[in-house]
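Step one of this worksheet: look at the structure below.
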Amino acid sequence: MSDRSRVRIVVLQILVLSLFVTLLGRLWYLQIPAGERYDQAASANQVREIVTPAVRGQILDHLGRPLVNNRPALVVSVSRTELLKQPDKGRAVLQRLAKVLGMPYEELRQRISLCGPNVPKPCWNGSPYQPIPVTDEADTRMALQIMERREDFPGVTAEVQPVRNYPAPEGANAAHILGYLSPVSEDELRRQREPGYRGPQYERSETVGRAGLEREYNDQLRGQPGVTRVAVDHLGRVIDTLDETPPTARVQAVAEQQLLEAIKRARQQRDKDGKAYKADSGAVVVMNAKNGQIVAMASYPTYDPAVWEGGITKKEYERLISEDTGVPMLSRATMGEFAPASTFKVISTAAALEAGYGMDQKFDCSSSYTVGNRAFKNWDSKAFGPITLARSLTVSCDTVYYRIAHEMWLKDGGTRPVTKPKDYMINMAQAFGLGQKTGIDLPAERPGRVVTREWKKREWERRKDGWCRQANDPKVPEGFAKQIARENCADYYRYRAGDAVNFSIGQGDTVATPLQIARVYAAVANGGTLWRPTLGKAIVSPSGQVVEWIKPQGTKVPVDPKYLAYIRKGLMDTPVNGTAVTAFQGWPFDKIPVAAKTGTGEAYGKQTTAWFASFVPANDPQYVVVMVVSQGGQGSRTPGPSVAALERALMGVQPDGAVDPAKALIPGVKPLAKLPTIRPDGVVVQPKPAPTTTGTGSPSPQALAAEPVVFSRPRAIGKGGRAWS
């Protein structure tokens, strides 16, 4: 062997040896220093998580009866991910599935389409990576066809799942209170991955409350989804389970019924022009006067919240938001803003008394009162002569308040106001919570509006150009509208005498929601506490333990208690010999005194708005009932009889005038001292009502109270929780 060959062999040996050393070094590094890290990575690559949504908590009334619960249903779901793996993108699978389900192919395809700007409903607005439910009305035969022919239906599942159910006990609807659900969106999933996010953590398969109590108490109702971690082989087949976290009104019905009766009653009446009242919308609020808790609340028109389950159709969605159908999704109780009309007069009376006007002082209730060159008339142009403020509440005399408001306006400097005008009525309205949200535990409400001097200036700056164009446009005919535009163009920014007198009777640009007016009357009834309205009473665990009490919060209104008592006397006389006599015919005033106030609001271009506010018993107020019907005529004739009927049911007043608390809407009339008991097996046991009568057979003052709303937290793991309302 030559020297050159020998050198080549040595070099080759060294090269091979170095390769073996390198390989052995790398193997040592992977197995010893980096072994743990790569072992975890390999394990993670073989692990999959299966998310099982928690059964959503129920919403029950105070006796444990379900308003919202869950029903077992055979749900057929389709995985878009699996369909897109098919050569034809899943078309053949969907066609076979459509035949099994008896559903048109196009409808089925539309249900699994992702929602977007130009995508018609029904569509899927949840995550595209989770199975999409296409029906919850499958029967056993359908499910067996799908599951026994898995090769024909890749990506399709049929299984029993809990589906949200709205049983509507005894005819109650409560759609605007209860709300609805929809799947978690991709945007919500994306946001929770952003740095600094502190909101709830959702899984792709979850549904989320979008309105009403479902949204407000979503965290308490949703529970904790279960997660099962399984090991899979290279083909994705499960070979082991690593670990597992288990998934965690009768008053309402009668309130809805009486609101509907008021709507029907209005449509049978005619306005001054001989036209039937449209009665296009309305609302009713029943509030506990002692703590502001809502006993019942309803809005018209309404809808069935179950329409959201399984995807809503485009036609149905458009009906819910259409002006032609009255926008059923809009809750008039919390978001309907109306001129409060004469229901506002309790505020005007309180302001007058605090300004120094006397309780025994007499005021001329003439048929009209002239300001400048305009005569402001009583609603029915009646004159009652010299009367007190209490009597002016009873007969609803407008001109008494016109006079007082005009005098106050003049003392504040008129069109040239003093440096710090008193503005007694404006300030009193704000003190009673008008012009601001009540803070109710619902996700949406409107603040209403109180017309202040500052607001008028801002509004004039915003709208003056339009008013001036209308005032100077020769194409606009002369008339009331053009005259108003001319006046507004010139000096709408001024707080004029007409503004002050209109404000005093709840007219003009001031508006309020029915919930706000109920809150005002609760403060008058209970001696001056303005409560934050609540639907929730407590968060309760599935085992019946109170996790958290939802404590009522209130502030005092700046009115002397003797003045509030004076106002209550005037309101107590209204159903006896005032504007509410017709509504309370046959009422047993000797057993249960009642207070009331009518209101008839005027709105340009519309028929009159009908209001009725009341509380009962007047000598120990418990319930406040407020009802409004838009374009519904007079308060005494339209909502009045319905409010009286609702209060009869609340108090157990029988047709012959007898009082039987055992037949009241809330058993025994008196609030139940305990929450329903939840047994370990999940059965809800109703609490027993307290004694209902005194020794004389009459209901005791303590027995005449409303039962507030209560909620409970879902089971953190497992079946979810329950909520009382």
Side-chain angles (χ1 to χ4, degrees), residues 63 169-172 249-266 268-269 284 286 288-289 295-296 298 394 525 568-569 571-598 610 612-627 634-672 688-707:
L63 291 177
E170 301 189 41
R250 290 191 300 172
V251 180
Q252 180 68 28
V254 176
E256 293 175 10
Q257 176 189 351
Q258 287 304 322
L259 176 60
L260 184 59
E261 288 297 320
I263 297 291
K264 293 178 180 177
R265 189 179 300 114
Q268 294 172 355
Q269 303 171 30
V284 59
V286 183
N288 187 332
V295 181
T394 300
R568 288 195 294 273
K569 288 183 179 179
L571 297 176
M572 288 172 64
D573 201 30
T574 303
V576 178
N577 55 18
T579 56
V581 169
T582 303
F584 285 93
Q585 288 182 347
W587 182 274
F589 294 105
D590 57 330
K591 299 175 183 176
I592 304 177
V594 63
K597 185 72 194 78
T598 59
F612 202 94
S614 180
F615 53 84
V616 63
N619 59 345
D620 183 26
Q622 306 290 343
Y623 299 106
V624 171
V625 183
V626 171
M627 185 180 291
Q634 297 183 33
S636 59
R637 298 176 60 188
T638 297
S642 287
V643 170
L646 178 52
E647 290 182 334
R648 285 177 181 272
L650 286 168
M651 291 290 99
V653 177
Q654 303 306 299
D656 61 358
V659 179
D660 187 353
K663 296 182 180 180
L665 289 177
I666 296 177
V669 180
K670 185 177 180 179
L672 301 175
K688 294 181 180 180
T692 60
T693 62
T694 63
T696 61
S698 300
S700 62
Q702 294 80 12
L704 302 175
E707 177 62 24

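Worth saying up front: this structure is predicted, and the values here are computed from it rather than measured.
Side chain of Q654 to backbone of G652: a donor-acceptor contact under 3.5 angstrom is found. At least one donor-acceptor pair closer than 3.5 Å links the side chain of S614 to the backbone N or O of A595. Side chain of W587 to main chain of R648: no donor-acceptor pair is present (N/O by atom type, distance under 3.5 Å, no hydrogens or angles).
Note that the OG1 atom of T579 and the NZ atom of K597 stand 4.5 Å from one another [nearest 0.5 Å]. Going from atom NZ of K264 over to atom CD of Q268 covers 9.0 Å, rounded to the nearest 0.5 Å. Between atom CG of residue L571 and atom CZ of residue F615 there is a gap of 5.0 Å, rounded to the nearest 0.5 Å.
Closest non-hydrogen pair, V581 versus V576, comes out as CG2-O, 3.4 Å. Considering every non-hydrogen atom in both N288 and V295, the closest pair reads N-CG2, 4.0 Å. The two residues G640 and F612 come nearest to each other via the heavy atoms CA-CD1, 3.3 Å. Here the shortest heavy-atom pairing between A583 and A644 reads O-CB, 3.2 Å. Across all non-hydrogen atoms, the minimal contact from A525 to P621 is O-CG, 3.2 Å. The minimum heavy-atom distance linking A255 with V284 is given by the pair O-CG1, 3.8 Å.
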For this session: Please report the C-alpha distance between T638 and Q269 in whole Å, then the side-chain angles of each, then the deciding distance to 0.1 Å, and finally whether the side-chain contact (heavy atoms from CB on, under 4.5 Å) criterion is met.
Result: CA-CA 9 Å; T638 297; Q269 303 171 30; 3.6 Å; yes

Exercise. Are L259 and M627 close enough, and set up right, to give a side-chain contact (heavy atoms from CB on, under 4.5 Å), and what steps lead you there?
Worked result: CA-CA 8 Å; L259 176 60; M627 185 180 291; 4.1 Å; yes

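Judged by distance alone, the side chains of E256 and Q252 do bring a donor and an acceptor atom under 3.5 Å apart.
The number of heavy-atom neighbours closer than 6.0 Å to CZ of R637, taken from other residues, nucleotides and ligands shown, is 12 or below.
For the pair F589/P575, a side-chain contact is recorded, criterion being any heavy-atom separation below 4.5 Å from C-beta on. Using a 4.5 Å heavy-atom threshold, the side chains of E647 and F584 count as touching. Residues T598 and S636 meet the side-chain proximity criterion, which asks for heavy atoms closer than 4.5 Å. Between P617 and M651 the shortest side-chain heavy-atom distance falls below 4.5 Å.
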